[in-house]
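Step one of this worksheet: look at the structure below.
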Amino acid sequence: QVQLVESGGGLVQAGGSLRLSCAASGRTFSNYVMGWFRQAPGKERDFVGGISRTGGSLKYADSVKGRFTISRDNAKNTVYLQMNSLKPEDTAVYYCAADRADSIAVSGYEYDYWGQGTQVTVSS
């Protein structure tokens, strides 16, 4: 089992920044690919980005490329999502997820463990 807890969400004006954190406990954190997803009201859960076990490989959704950055600190069992130049359409509940596979999956069905989510609201 892996337990994931997100933090760092909140209300921010358009153009602002937030950094989300996801702290993991349980199994060895460095054994997992980590992903970030988001779900806006009435919409499906979407892939935001992912990071490989060592942090050497990254993948992002087109909608966030150049604005969001994922990183991880395996010594702290934590993955981060730095969000800059936020837009109202970034408003959603953001989830982190852990996957035992070797590559970064974009489908949420591939991930084994999920956090409870943290709300991000971007005002115009």
Side-chain angles (χ1 to χ4, degrees):
Q1 277 290 76
V2 175
Q3 292 78 42
L4 302 172
V5 178
E6 301 96 338
S7 61
L11 174 64
V12 63
Q13 288 188 332
S17 298
L18 280 176
R19 188 175 84 152
L20 305 184
S21 299
C22 173
S25 61
R27 299 292 180 94
T28 304
F29 179 68
S30 58
N31 287 347
Y32 293 85
V33 166
M34 298 300 297
W36 283 97
F37 291 78
R38 65 187 182 185
Q39 187 167 21
K43 295 188 176 181
E44 294 185 350
R45 182 178 58 195
D46 290 330
F47 175 78
V48 173
I51 187 167
S52 63
R53 296 173 179 178
T54 62
S57 180
L58 296 163
K59 185 179 290 185
Y60 295 98
D62 288 343
S63 58
V64 307
K65 278 181 183 176
R67 300 189 299 123
F68 290 11
T69 303
I70 296 173
S71 61
R72 68 189 295 165
D73 185 338
N74 286 345
K76 294 183 178 180
N77 292 348
T78 303
V79 62
Y80 305 97
L81 179 63
Q82 177 67 45
M83 304 185 293
N84 299 329
S85 302
L86 282 161
K87 305 174 182 180
E89 51 264 43
D90 294 317
T91 295
V93 177
Y94 282 72
Y95 300 89
C96 68
D99 183 4
R100 288 170 289 188
D102 294 331
S103 59
I104 301 169
V106 298
S107 170
Y109 293 105
E110 301 293 329
Y111 288 76
D112 304 293
Y113 303 102
W114 291 83
Q116 83 290 347
T118 185
Q119 176 70 47
V120 172
T121 303
V122 184
S123 63
S124 57

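- The minimum heavy-atom distance linking Ala40 with Ala92 is given by the pair N-CB, 3.8 Å.
- With sequence neighbours excluded, no residue forms a side chain to side chain donor-acceptor pair (under 3.5 Å) with Asn77.
- Sorted by first and then second residue, the salt bridge (charged side-chain N to carboxylate O under 4.0 Å, His left out) pairs with a member in residues 36-52 read Arg38-Asp90; sequence neighbours excluded.
- A distance of 7.0 Å separates CD in Gln119 from OG1 in Thr91, rounded to the nearest 0.5 Å.
- Every side chain to side chain contact (heavy atoms under 4.5 Å, CB included) that Val106 has, sequence neighbours left out, goes to Phe47, Lys59.
- Shown here are the side chain to side chain contact (heavy atoms under 4.5 Å, CB included) partners of Asn84, two or more places apart in sequence or in another chain: Ser17, Gln82.
- No donor-acceptor distance shorter than 3.5 angstrom exists from the side chain of Arg53 to the backbone of Ser30, with no hydrogens or angles considered.
- For the residue pair Ala105 and Tyr111, the shortest heavy atom distance occurs at O-OH, 2.7 Å.
- Side chains of Tyr80 and Thr69 form no contact here, defined as non-hydrogen atoms less than 4.5 Å apart.
- For residues 104-123, the pairs satisfying salt bridge (charged side-chain N to carboxylate O under 4.0 Å, His left out) are Arg100-Asp112, with sequence neighbours left out.
- Cluster partners of Val120 are Val2, Leu4, Val12, Leu18, Leu20, Phe29, Tyr32, Met34, Trp36, Val48, Ile51, Leu58, Tyr60, Val64, Phe68, Ile70, Val79, Leu81, Met83, Leu86, Tyr94, Tyr113, Val122, counting Ile, Leu, Val, Met, Phe, Trp and Tyr whose side-chain heavy atoms approach within less than 4.5 Å, directly or via other members.
- With sequence neighbours left out, Asn74 forms a side chain to side chain donor-acceptor pair (under 3.5 Å) with Arg72.
- Applying the disulfide (SG to SG under 2.5 Å) test to pairs two or more places apart or on separate chains, none has a residue in residues 28-62.
- With sequence neighbours excluded, the residues forming a side chain to side chain contact (heavy atoms under 4.5 Å, CB included) with Ser52 are Thr54, Ser57, listed by chain and number.
- The side chain to side chain donor-acceptor pair (under 3.5 Å) search around Glu89 returns none, not counting sequence neighbours.
- A tilted orientation is assigned to the rings of Phe37 and Trp114, their planes being inclined by 30° to 60°.
- Between the side chain of Glu6 and the main chain of Gly117, a donor-acceptor pair closer than 3.5 Å is present.
- Residues satisfying the side chain to side chain donor-acceptor pair (under 3.5 Å) criterion with Ser25, sequence neighbours excluded, are Gln3.
- Summarising the hydrophobic clusters (Ile, Leu, Val, Met, Phe, Trp, Tyr; side-chain heavy atoms under 4.5 Å, direct or chained), the residues clustered with Tyr109 are none.
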